S.K.: 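The structure under discussion is supplied below as structure tokens; questions concerning it will follow.
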Amino acid sequence: MKKILTLGIAASVLTLSGCSTMFNSGSQTIVATAPDKNVNVDVTTASSTYQTTLPTTIVTAPSSTRDVTIKVDDKCYKNTSVTVNKSVTPSYWANILNGWGFLIDYATGDMWKYDSQVLVPTEKKTDCVASKS
């Protein structure tokens, strides 16, 4: 009975798991930089929105429904926004051999891989004087 239960669990895991979920599951790290330092930005990920300054490291889980965006929100810089590029992982295509795994990978977001580095363009306003701390 124990062998049958073990085989049943193993078969379920192999059937219900997508390749990308097995190989790419978890968080990804994105390094965001800019030509200027200490520029205030708003970072939006699938799980949260927060403020930080550039350069910064963003740690996030991939998502099929929400992009990672970085928006310049600094009084001395023009408002610009960048969406971090993402691409389909090679292991996602192996799901053709794994039955319905490609649907699981889409639902979990594990089919995506974000660019590991992104450059946020900044343009300083001419009429702004930064306050000294």
Side-chain angles (χ1 to χ4, degrees):
M1 184 67 173
K2 191 174 183 179
K3 288 182 182 180
I4 293 173
L5 182 61
T6 303
L7 284 174
I9 292 171
S12 295
V13 168
L14 290 175
T15 303
L16 297 176
S17 294
C19 286
S20 296
T21 302
M22 290 187 286
F23 296 111
N24 304 322
S25 187
S27 61
Q28 296 180 16
T29 303
I30 304 162
V31 176
T33 59
D36 300 312
K37 296 198 182 305
N38 299 321
V39 177
N40 296 320
V41 294
D42 292 329
V43 176
T44 302
T45 66
S47 60
S48 67
T49 298
Y50 60 93
Q51 294 179 333
T52 187
T53 57
L54 295 176
T56 190
T57 300
I58 303 163
V59 179
T60 186
S63 171
S64 291
T65 58
R66 299 219 32 212
D67 291 325
V68 174
T69 57
I70 305 164
K71 181 182 175 195
V72 174
D73 186 22
D74 191 301
K75 67 178 185 173
C76 289
Y77 290 86
K78 293 184 179 179
N79 291 339
T80 57
S81 183
V82 172
T83 300
V84 178
N85 292 326
K86 62 184 177 182
S87 58
V88 177
T89 62
S91 58
Y92 176 75
W93 300 114
N95 283 324
I96 294 170
L97 305 173
N98 195 15
W100 295 97
F102 66 94
L103 292 175
I104 294 168
D105 290 340
Y106 178 80
T108 61
D110 289 327
M111 68 181 278
W112 299 109
K113 178 171 179 21
Y114 292 114
D115 286 352
S116 60
Q117 295 186 8
V118 63
L119 178 65
V120 179
T122 55
E123 187 177 343
K124 195 162 191 166
K125 294 178 181 176
T126 56
D127 59 346
C128 183
V129 178
S131 61
K132 295 186 179 188
S133 306

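Quick note: residue numbers are just sequence positions, from 1. Computed from a predicted model, the values in this text were never measured in an experiment.
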S.K.: I'd like to check Thr57 versus Thr29 (side-chain heavy atoms, cut-off strictly below 4.5 Å). Are they in contact?
M.R.: yes

S.K.: Which salt bridge (charged side-chain N to carboxylate O under 4.0 Å, His left out) pairs, counting each pair once, include a residue from residues 77-88, with sequence neighbours left out?
M.R.: Asp67-Lys86, Lys78-Glu123

S.K.: Sequence neighbours excluded and cut-off under 3.5 Å, please list the side-chain donor-acceptor pairs for residues 34-46, or say none.
M.R.:
residue: Asp36; atom: OD2; partner: Thr122; partner atom: OG1; Å: 3.1
residue: Asn40; atom: ND2; partner: Asp74; partner atom: OD2; Å: 3.3
residue: Asp42; atom: OD1; partner: Gln51; partner atom: NE2; Å: 3.3
residue: Thr44; atom: OG1; partner: Thr49; partner atom: OG1; Å: 3.4
residue: Thr45; atom: OG1; partner: Ser47; partner atom: N; Å: 3.3
residue: Thr45; atom: OG1; partner: Ser47; partner atom: OG; Å: 3.4
residue: Thr45; atom: OG1; partner: Ser48; partner atom: N; Å: 3.2
residue: Thr45; atom: OG1; partner: Ser48; partner atom: O; Å: 3.3

S.K.: Are Thr33 and Leu54 close enough, and set up right, to give a side chain to side chain contact (heavy atoms under 4.5 Å, CB included), and what steps lead you there?
M.R.: CA-CA 6 Å; Thr33 59; Leu54 295 176; over 6 Å; no

S.K.: Could you tell me if the side chain of Trp112 sits less than 4.5 Å from the side chain of Thr89, heavy atoms only?
M.R.: no

S.K.: Nearest 0.5 Å please: distance from the CE atom of Met111 over to the OG atom of Ser63.
M.R.: 11.0 Å

S.K.: Test Val84 against Ile70 for side chain to side chain contact (heavy atoms under 4.5 Å, CB included), laying out the working first.
M.R.: CA-CA 8 Å; Val84 178; Ile70 305 164; 4.2 Å; yes

S.K.: Has the side chain of Thr80 got a donor or acceptor atom that lies under 3.5 Å from a matching backbone atom of Pro121?
M.R.: yes

S.K.: Taking Gln28 for its side chain and Tyr114 for its backbone only, find out whether a donor-acceptor pair lies under 3.5 Å.
M.R.: yes

S.K.: Between Ile30 and Thr60, is the side chain to side chain contact (heavy atoms under 4.5 Å, CB included) condition met? List the steps.
M.R.: CA-CA 8 Å; Ile30 304 162; Thr60 186; 4.2 Å; yes

S.K.: Tell me whether Tyr50 shares a hydrophobic cluster with Val68, the cluster being built from Ile, Leu, Val, Met, Phe, Trp, Tyr side chains joined at under 4.5 Å.
M.R.: yes

